[in-house]
Each structure stands twice: as structure tokens, then as C-alpha cells.
Amino acid sequence: MSGLTQAHSVVAPSTASRRISGAIVIVYAIITMLPLLWIFATGFKSQSDAIAYPPKVFADPSLQGYVNLFTTRSRQTPEYMASLPPPETWYDELVRKQNMVIVGPSKFGARFMNSLIIGFGSTFLAVFLGTLAAYAFSRFRIPLADDLMFFILSTRMMPPIAVAIPIYLMYRELGLSDTRLGMIILYTAVNVSLAVWLLKGFIDEIPREYEEAAMIDGYTRLQAFRKVVLPQAATGIAATAIFCLIFAWNEYAFAVLLTSGEAQTAPPFIPIIIGEGGMDWPAVAAGTTLFLIPIVVFTVLLRKHLLRGITFGAVRK
Amino acid sequence: MAEVRIDLVSKAFGTIQAVEDLSLTVADGEFVVLLGPTGAGKTTTLRLVAGLEKPDHGRISIGGRDVTGLPPAERDVAFVFQQYSLYPHLSVYENLAFPLRSPTRRVPEDQIKATVTRIATMLRIAHKLENRATRLSGGEMQRVAIGRALVRRPSIYLMDEPLSSLDAKLRGELRLELKRIQVELGVTILYVTHDQIEAMTMASRVGVMEEGRLVQVGTPREIYENPATVYVATRLGQPAINLVPPSVLPQVATPPGTATIGARTEHLDIRRADGGTGTGIVARIEHLGDQNHLHLDVAGHHLVTLTESDIALDVGDRVNLDVRGALFFGADGRRIAA
Ligand SMILES: Nc1ncnc2c1ncn2[C@@H]1O[C@H](COP(=O)(O)OP(=O)(O)OP(=O)(O)O)[C@@H](O)[C@H]1O
Ligand SMILES: [Mg+2]
């Protein structure tokens with residue numbers, strides 16, 4: 001890491017410039033994180049606190065949003081409520097206070113699971129295929145390589161909405177509408193172009209002499225790829241995986257159009273959580289909060305790779 | 001160890017003819033050095049032997065076995081690269097063990113440890129085994145790179161300017177070490193260098209390359225004393241051989257057809273000319289320490305020769321030149337017998 005820093009700055013930054021840049025970073029972080037903090041806080045408010053005007057920054061904490069997120073409920077007459085046995089759980093009790101009973105679980109769990117499967121599945125496939133393709137483009141003499149690379153990139157130039165209808169029709173014919181497999185294929189196709197381009201850059205940076213040395217030492221190309229190229233491309237692969245996951249995880253346009261039931265992901269589901277008489281904002285905020293967790297965890301886990309940088313220290317130049 | 005035969009091998013990259021009809025046999029236990037300027041095709045020749053490039057035509061055999069079509073892993077060669085020698089993600093130990101860990105070899109772990117330790121000790125890097133490969137000095141990295149080849153006992157070691165990035169002192173040390181190892185173990189080496197001292201001191205035979213062709217092969221002495229062409233003559237000798245037309249040295253009896261006289265330091269005898277009658281003028285004296293480079297101006301041509309450091313000459317002095325045993329070349333650059 002220190003080597004990297006030195007490479008970019010000739011002199012060490014002064015204390016003053018350090019402080020100023022630190023302050024700028026902190027202010028920027030606060031500005032960008034404020035909406036997230038607000039969503040996080042809203043998830044723990046009651047419906048009335050959430051829509052109060054003027055807005056309440058601090059409200060009595062309530063788990064109502066989270067309970068509503070995971071359940072479906074129905075309103076009952078006071079007589080019926082009185083006839084029930086005492087509530088068995090804390091969330092039963094919370095719901096009954098609003099004169100409602102829990103009818104069953106909501107679809108949030110299933111939608112969240114869809115997001116996990118489709119997001120991570122397509123990320124894995126895009127990075128896997130992207131790494132192999134990028135390696136091939138980087139190392140082999142491929143006819144029309146430049147044109148192929150441009151073609152791969154061009155698939156990303158069109159806005160999703162422009163291809164949404166043809167894809168919708170095609171998927172209906174193929175029976176891929178509203179299936180997880182269909183969504184995984186679609187997101188993989190979109191992401192693989194990004195993955196190939198990013199990873200080709202990283203792999204180009206790895207001298208081919210490394211693999212050649214391994215091949216002379218008795219390894220096959222595939223073994224050399226695994227033992228020599230992959231460890232050194234880890235940084236690039238991690239970065240690419242994060243970009244791919246962020247896209248697949250947050251994707252909204254295709255998800256709205258192509259999924260409605262079985263394979264619906266969380267993004268189209270969360271904003272339409274309706275409570276009695278309008279949006280159930282605490283539940284929406286709770287869903288959004290939970291929705292953010294996997295991507296934060298994934299990014300934090302891979303952060304080590306992102307920061308480590310690529311070491312080319314053993315190069316004699 | 002085994003004999004390596006390169007038979008009329010050619011390799012072009014697009015329009016560039018990197019290697020052309022090259023034939024060379026490296027005998028078992030021989031240390032052959034390829035010498036040539038940048039772009040002459042030295043690296044390409046090694047890569048062809050290693051199987052990293054496929055020849056356009058020609059045949060390569062190792063130990064009597066035709067390996068022309070075989071992948072690198074099946075050729076039983078070791079390669080020390082000009083650059084990028086070590087895996088940055090592995091420790092020194094792991095770097096040295098890497099060739100032994102290959103799936104085709106399956107060396108038991110205790111044997112790997114013994115070999116790595118032995119080679120590391122021999123190259124004096126045993127105390128660095130646990131270091132990351134990136135945390136080494138240039139000289140240490142180079143030792144590890146050579147060590148990575150030496151842990152194996154291949155048919156031939158291919159070394160591409162393994163000492164070129166080192167400072168003069170370290171290069172001198174490693175040169176001796178490498179030669180000692182080669183003699184002790186009796187291994188076969190095909191070695192590429194720009195450095196004529198390496199070529200002179202280590203080689204059993206030297207091959208001089210020019211634009212993809214091997215122009216002459218012979219012992220360092222033969223190449224130095226009996227160069228076949230002007231080009232070969234310029235590859236060896238410090239300072240470089242002086243090349244002048246016969247008219248500049250009228251005192252020399254030249255065979256018919258001579259277009260160029262090649263005069264090395266040992267061919268020239270320089271005496272101070274009294275009374276301003278000499279044919280040459282001392283233009284510059286470079287003090288190298290124990291010796292001097294004496295730059296002479298002779299009939300408008302520039303000659304450089306080596307002299308003792310205590311020579312009694314000054315810039316501007318007139319001198320006479322005696323020439324003995326010079327080399328003669330025709331208009332086509334070929335040597336003409338004296
Ligand atoms: N992969 C390649 N693609 C295209 N041209 C190449 C390739 N490898 C080598 N060449 C060309 O072939 C010629 C010989 O190259 P080579 O690397 O063998 O030279 P060299 O004698 O090793 O030079 P140096 O002393 O600089 O290492 C050069 O003109 C070079 O540009
Ligand atoms: Mg070279």
C-alpha cells in the first residue's frame with residue numbers, strides 16, 4: 001500500500017492539506033449518508049411519526065415497520081379481538097394493539113430470496129464468463145478481436161427500456177418470463193460486457209511471462225491460469241464482482257417488466273408495500289434497510305482486495 | 001542433460017523476420033552464449049526452444065527427441081526470463097518450490113524442502129526464504145529467479161540476460177557463481193546476453209546473431225581472433241575494433257580486395273613522433289583508472305586504443321602507428337585472409 005501511495009505523490013502531503021482533504025471527505029460522506037440514515041430511522045418509527053409534519057427526527061422507536069414488512073394482517077371488530085386468547089408473541093401483541101391480527105407471512109421473504117439468488121447468481125456467472133473471455137482476449141490472437149470487444153461493449157450502450165419490449169416478447173415465447181433463470185440470464189448478459197472490459201484491463205497488466213514460466217515448469221495453461229493469473233487478478237475480480245452485484249441487485253426496469261410473481265425481486269416489491277390508506281412508509285424503510293445489508297456485507301468482505309492494489313514489485317525494469 | 005539441436009528454424013511475427021533459418025547444436029554439458037544487439041532474435045530463439053513460440057518451419061530436438069510440436073511442459077527445459085522473474089503473490093520459498101509442485105512432477109514435500117534449501121544456500125538467499133518475493137533487492141530477486149531454474153534438473157537451461165539488470169559488481173559475482181555451478185553440475189545452458197564479458201568468460205561457444213540469423217559460431221577466442229565478418233568483429237573487444245579504409249593506414253600491406261582494415265588495440269603500436277612528422281594526432285585521453293582510452297585522429301578517421309595509464313602522451317601530440325596482424329574485410333563485409 002505504501003508503495004502505491006509513493007508512486008502517486010512525490011512529496012508527502014502536509015498536515016494542513018491532510019486536514020482539509022479529511023474535512024472534505026467527512027462532509028461529503030455525511031451528505032451522501034443522510035438519506036440512508038433517514039431511511040434507517042424511518043424503519044423504526046410508527047406510521048404516524050413517519051408521516052408527521054414537520055418531520056420528526058427523533059421518535060419513539062417502534063418495530064411496527066418490520067412486523068408489517070414480514071406479515072399480512074387483517075382488521076377485526078373489537079368483539080372478535082376480545083374473544084381471542086392472549087397473544088403468544090411480541091409481534092402478535094404489537095399487531096393486536098392496532099385492532100388487527102396476523103393472517104400470514106408477507107411475500108417479502110420470498111422476494112428477498114429472489115434478489116439474493118438472482119443477484120449473486122448472475123454476478124457469479126458474469127464474473128466467471130467475463131474472466132475466461134477477458135483472459136482469452138488478453139492472451140490469444142483472436143481474429144477480429146477489436147471488433148468483438150466493441151460488439152461486447154455495444155450491448156451496454158442501449159438503455160434497458162429500448163430493448164425491454166423485445167426481451168419481454170422473447171421471454172414470453174421461451175417461457176422465461178417471471179422465472180429466476182430468466183432474470184439470471186438477463187443480468188448476466190448485461191453484466192458480462194462490463195466484466196470482460198474491466199477484467200481484460202486487469203489481466204493485460206499481468207505479464208504473460210508469469211504463465212509462460214509456469215507452463216515451462218510443467219503446468220498446463222489452465223493450471224497456470226489458476227495458480228498464477230487468478231491470484232494476481234483477485235483485485236480486479238473483486239472490483240468487477242462488486243460492480244456486477246450492485247447492478248443486478250438494484251436493477252429496477254427489467255424487474256418491473258419481466259417479473260410480477262414467482263421471480264419478482266425486492267426492488268419492484270418494496271415500494272409498493274401498501275398499508276391501510278396509503279403507503280406503509282415504515283415498512284418500506286424497513287425493507288430498504290434490510291435490502292442494503294447484503295451489498296454492504298459483500299463490499300466490506302471484498303474491501304481488503306480492493307484496497308490491496310496490484311503488486312508488480314517483482315518486475316525488473 | 002541432453003544435446004539440443006535447432007535445425008533451420010524460422011519464425012516471423014507479421015512482417016518481422018525474428019529468426020531466420022537458424023541452426024545450432026548445443027552439446028551435452030556445453031555453455032553456449034547467444035550474442036547480438038537488441039532485436040536480433042535472441043529471446044525468440046530461446047522461446048522457440050522452450051516451446052513458447054511455434055516455428056514457421058524447422059525442427060527442434062532435445063536429447064534426440066523431436067519436440068517441435070510439443071507444449072512447453074513436455075520439453076523438459078527451464079527458463080530464466082529477461083523480465084518478470086518472480087511471482088509477486090508468493091514467498092521466496094514458494095517461488096523456488098513452484099516448479100517442483102507442478103502436477104507432472106509430484107515431488108514429495110520433504111524432498112521439495114531439501115532441494116529448495118540446498119539451492120537457496122548455494123545462491124546465498126537461505127535467510128530470505130520467508131520473505132515476500134517483492135521484498136527483495138534486485139540482486140536477490142535475480143538469485144531467486146536463477147534458483148527457480150536450478151531446483152530442477154532439466155535437459156537444458158535457457159537463460160535470457162539473467163544478469164542484465166544488476167550492477168557491475170554483483171554481475172561479476174553472479175557470473176562467477178553461475179559458471180562454477182555449470183561446471184560443477186555439468187549442466188547444459190543456452191544463454192543470451194548483450195554483455196561481451198559474460199560471453200567471453202562463461203561460454204564454451206559463442207553464437208553471434210544479426211537480424212534473426214546466426215552469423216558465426218565458435219569459441220570466444222575464435223570469434224574474437226577470427227571473426228568471419230565486420231559485424232562479428234564489432235561484437236567483441238573493448239574498446240570496439242577500429243574500422244578504417246586502407247588509405248588511412250598506407251603502411252599496412254593489404255591483400256587484394258580489402259575495403260576495410262580492422263585494427264584492435266593489440267594490433268596497434270603507438271610511438272610518439274618527434275619533429276611533427278607523425279600520421280596521427282592525440283585527440284583525447286580518457287582515464288579509466290588502471291588504463292587509458294587513447295583517441296587518435298588519423299587522416300580524418302577516429303581510432304580508439306587502450307594504453308597503460310602512465311603513458312607519456314598529451315592531447316595534441318603527434319604519433320606514429322605501427323600495425324601488426326590486423327584483420328581485413330572486403331566490400332561485402334566478409335573477412336579476407338591476410
Ligand atoms: N510477440 C511478438 N510479436 C511481434 N514481434 C515480436 C514479438 N516478439 C519479438 N518480436 C520482434 O522480433 C524481433 C526479435 O525480437 P527478440 O525479442 O527475439 O530480440 P532480442 O534479440 O531478444 O532483443 P533484446 O536484446 O532487446 O532482448 C524484434 O524485432 C521484435 O520486435
Ligand atoms: Mg531479448
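Sequence lines set the chain letters: A, B, ... in the order given, protein chains first and strands last, and positions in each chain run from 1.
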Problem - Residue-level interface, residues 111-129 of chain B with chain A, non-hydrogen cut-off under 4.5 Å - result: none

Exercise for the section: Select all residues of residues 93-110 of chain B having any heavy atom within less than 4.5 Å of some heavy atom of chain A, and report them by number, or 'none'. Expected result: B:F98, B:P99, B:R101, B:S102, B:P103, B:T104, B:R105

Which heavy atom of [X] sits nearest a heavy atom of [Y], and at what distance?
X	Y	answer
B:A73	A:Y219	CB-O, 4.0 Å
B:L52	A:I216	CD1-CD1, 3.6 Å
B:H89	A:K227	NE2-O, 3.2 Å
A:D217	B:R152	OD1-NH1, 2.9 Å

Can you establish whether the number of heavy atoms outside [X] located under 6.0 Å from its atom [atom1] is more than 12?
X	atom1	result
A:R156	CZ	yes
B:F13	CZ	yes
A:F247	CZ	yes
A:M158	CE	no
A:L37	CG	yes
A:F40	CZ	no

Exercise for the section: Measure distances from A:A214 to the heavy atoms of chain B and classify the residue's part below 4.5 Å as side chain, backbone, both or neither. Expected result: both

Problem - Note, A:E212 side chain near B:P72 side chain (heavy atom, < 4.5 Å) - result: no

Practice task
Return the set of residues passing side chain to side chain donor-acceptor pair (under 3.5 Å) with A:S14 (not counting sequence neighbours), or none when no residue passes.
Solution key: A:S17

Do any side-chain atoms of residues 143-152 of chain A form donor-acceptor pairs under 3.5 angstrom with protein atoms, and if so which ones, sequence neighbours left out?
none

Exercise for the section: Look only at the side chain of B:Y87 and the backbone of A:Y210, and say whether a donor-acceptor pair between them is shorter than 3.5 Å. Expected result: yes

